[in-house]
Amino acid sequence: MLEMLGLTESAERTYRAMLAFPSLGVGGLAEHLGTDESGVRAALDELADLALLRPSSAEPGNLRAVSPDVGLAALLQRAEADVLHRQRQIEATRVAIKSIADEQSALRSREGVRRYEDVDAVRQRLEELAAGASTECVSLNPGSAQAPDAKQSSKPLNQLALERGVAIRCVYQDSYRNDSNVVAYSRWLSGLGGQVRTTPTLPMLMVVVDRQVALLPLDPADSSRGAVEVVHIEVVAAIHALFEQVWRAATPLGVTAPPDADGLEPFARELLEILAAGHTDEVAARKLGLSLRTVRRITASLMERLEARSRFQLGAHAARHGLL
């Protein structure tokens, strides 16, 4: 109970015993406390260092416990002074941190655009943005952004943000509805109040915080190469508008997207668009976050449905049926 004043449990028990039985010597205290005399002497040394003992006037050579109203009150006053000093140090440190952060923010504002050349630098900046978010954090998360360690490391910051009222909305690719790590993370986030949706394809990885800062990959095809931070308000507004367009068309996690008016699943519709643009199966697989085998299976199904014998015929028949 008195550890915050510097007393160990042994010293506190000895002090209480001396207050209750002032006439007990070392041997008597040891017997009363059920310990040995060496333990009592160590406790007495500790009490003496804390000025909780004084020589007895009535029994020269013996020690008496100082009244708690005097001795413990003095220790408490010293502890309170230490706490006040510590609080002042903390406040001074908080001011210094804010000053450094403001300098960094001003630098970014002057530059308008800032580059982060590796994954570690990007994650550090994301942590800073998450810690400072006040209203909203939205993101598009294609396949390249689904590293399990990144999801795990973002959990504490996202939880703190949600607890202070920050709205979090995320869009993933439909293919990750079958990824146990992404599904588990999405359910955890949804359980805390975040919102998660999916869509067949995403244009690129992006994060927008408070509609003031946007992070985009330096290379949309390889997010591991780093990111660029944008703070120009007009550019950030355009990036946020792109997110909102994707969000409105996406399907909430836990809801299966129905076939469209032509009876096509979202994957099939997107695949037709990709193939009609002249891309290969490999490119389609990468864009959709699917395996090459799955893409070829869906393509074969579409060719059978549209009675096409080649990729060229597939595009022509799709156009003739108004599917593109």
Side-chain angles (χ1 to χ4, degrees), residues 101-102 104-147 150-151 153-174 176 182 185-186 188-190 192-253 289:
D102 288 345
Q104 288 292 98
S105 179
L107 177 62
R108 294 189 185 101
S109 296
R110 288 196 300 271
E111 293 176 345
V113 174
R114 186 163 186 170
R115 293 167 62 95
Y116 300 92
E117 301 289 348
D118 57 60
V119 173
D120 289 336
V122 174
R123 288 186 181 175
Q124 180 178 336
R125 183 55 182 149
L126 284 171
E127 290 173 358
E128 293 170 354
L129 290 172
S134 59
T135 57
E136 177 189 64
C137 181
V138 301
S139 62
L140 301 183
N141 303 270
S144 59
Q146 305 315 317
K151 285 283 169 283
S153 64
S154 69
K155 273 189 171 184
L157 289 169
N158 284 342
Q159 181 169 350
L160 289 174
L162 287 166
E163 287 175 352
R164 65 175 184 269
V166 176
I168 296 181
R169 292 184 289 159
C170 309
V171 183
Y172 299 97
Q173 287 185 252
D174 284 342
Y176 282 92
V182 174
Y185 174 82
S186 299
W188 171 84
L189 189 67
S190 299
L192 293 176
Q195 298 182 65
V196 180
R197 295 185 180 184
T198 67
T199 190
T201 60
L202 290 171
M204 67 174 67
L205 171 65
M206 68 167 65
V207 178
V208 183
V209 178
D210 292 341
R211 306 194 184 195
Q212 296 179 349
V213 181
L215 276 182
L216 305 172
L218 288 172
D219 181 355
D222 184 5
S223 61
S224 67
R225 295 184 59 184
V228 60
E229 178 179 329
V230 181
V231 296
H232 286 302
I233 195 65
E234 298 86 355
V235 180
V236 175
I239 295 170
H240 189 274
L242 174 59
F243 169 84
E244 291 291 357
Q245 181 180 5
V246 175
W247 177 260
R248 286 192 295 271
T251 303
L253 189 70

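These numbers were taken from a predicted model, which means no experiment stands behind them. Throughout, residue positions are numbered sequentially from 1 according to the sequence presented.
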**Asked** At their closest point, which heavy atom of A131 faces which heavy atom of R164, and how far apart are they?
**Response** O-NH2, 3.0 Å
**Request:** Can you see which heavy atom on A250 is nearest to which on V171, and at what distance?
**Result:** CB-CG1, 4.2 Å
**Item:** Atom pair NZ/CG of K155 and L157 - distance to nearest 0.5 Å
**Value:** 13.0 Å
**Message:** Once rounded to the nearest 0.5 Å, what's the spacing between atom CZ of F243 and atom CZ of R248?
**Reply:** 10.0 Å
**Message:** Run M206 and I239 through side chain to side chain contact (heavy atoms under 4.5 Å, CB included) and show every step you take.
**Reply:** CA-CA 8 Å; M206 68 167 65; I239 295 170; 3.6 Å; yes
**Message:** Between W247 and L140, is there a side-chain heavy-atom distance shorter than 4.5 Å?
**Reply:** no
**Prompt:** Restricting to pairs with a member in residues 131-142, which pass salt bridge (charged side-chain N to carboxylate O under 4.0 Å, His left out), not counting sequence neighbours?
**Reply:** E136-R169, E136-R211
**Message:** Please find the pair of heavy atoms, one from A130 and one from A161, that lie closest to each other, and give the distance.
**Reply:** O-CB, 4.3 Å
**Request:** Apply the side chain to side chain contact (heavy atoms under 4.5 Å, CB included) test between I168 and each candidate in N158, V196, L192; give the one that qualifies.
**Result:** N158
**Request:** Ignoring hydrogens and angles, tell me if any N or O in the side chain of E229 forms a donor-acceptor pair with the backbone of R114 under 3.5 Å.
**Result:** no
**Item:** Q159 side chain reached by W188 side chain, heavy atoms, under 4.5 Å
**Value:** yes
**Message:** Within the 4.5 Å heavy-atom criterion, are V230 and V213 side-chain neighbours or not?
**Reply:** no
**Message:** For the backbone of A133 and the side chain of D210, can you confirm whether one donor and one acceptor N or O come within less than 3.5 Å of each other?
**Reply:** no
**Prompt:** Do the non-hydrogen side-chain atoms of V246 and L202 ever get within less than 4.5 Å of each other?
**Reply:** yes
**Item:** Approximate separation, where rounding is to 0.5 Å, of R123 CZ and D118 CG
**Value:** 10.5 Å
**Prompt:** Do V166 and T135 come within less than 4.5 Å of each other through their side chains, counting heavy atoms only?
**Reply:** no
**Asked** Just how far is it from atom CZ of R225 to atom CG of D219, taken to the nearest 0.5 Å?
**Response** 5.0 Å
**Fill in**
Between the CG atom in N141 and the OG1 atom in T198, the distance rounded to the nearest 0.5 Å is 12.0 Å
**Request:** Apply side chain to side chain contact (heavy atoms under 4.5 Å, CB included) to Y116 and L215, showing your working.
**Result:** CA-CA 10 Å; Y116 300 92; L215 276 182; 4.2 Å; yes
**Asked** With a 4.5 Å heavy-atom cut-off, do V236 and Q212 have their side chains touching?
**Response** no
**Asked** Looking only at heavy atoms, what is the nearest atom pair of P203 and L242, with distance?
**Response** CG-CD2, 4.2 Å
**Side-chain heavy-atom pair V208, C137 within 4.5 angstrom cut-off** = no
**Prompt:** side chain to side chain contact (heavy atoms under 4.5 Å, CB included) between V138 and C170: does it pass, once the steps are laid out?
**Reply:** CA-CA 6 Å; V138 301; C170 309; over 6 Å; no
**Side chains of V207 and L129 in contact at under 4.5 Å (non-hydrogen atoms)** = no
**Message:** Suppose we screen for salt bridge (charged side-chain N to carboxylate O under 4.0 Å, His left out). Which residues come up paired with R197, at least two apart in sequence or across chains?
**Reply:** none
**Asked** Do the charged groups of E117 and R115 touch, with an N to O distance under 4.0 Å?
**Response** yes
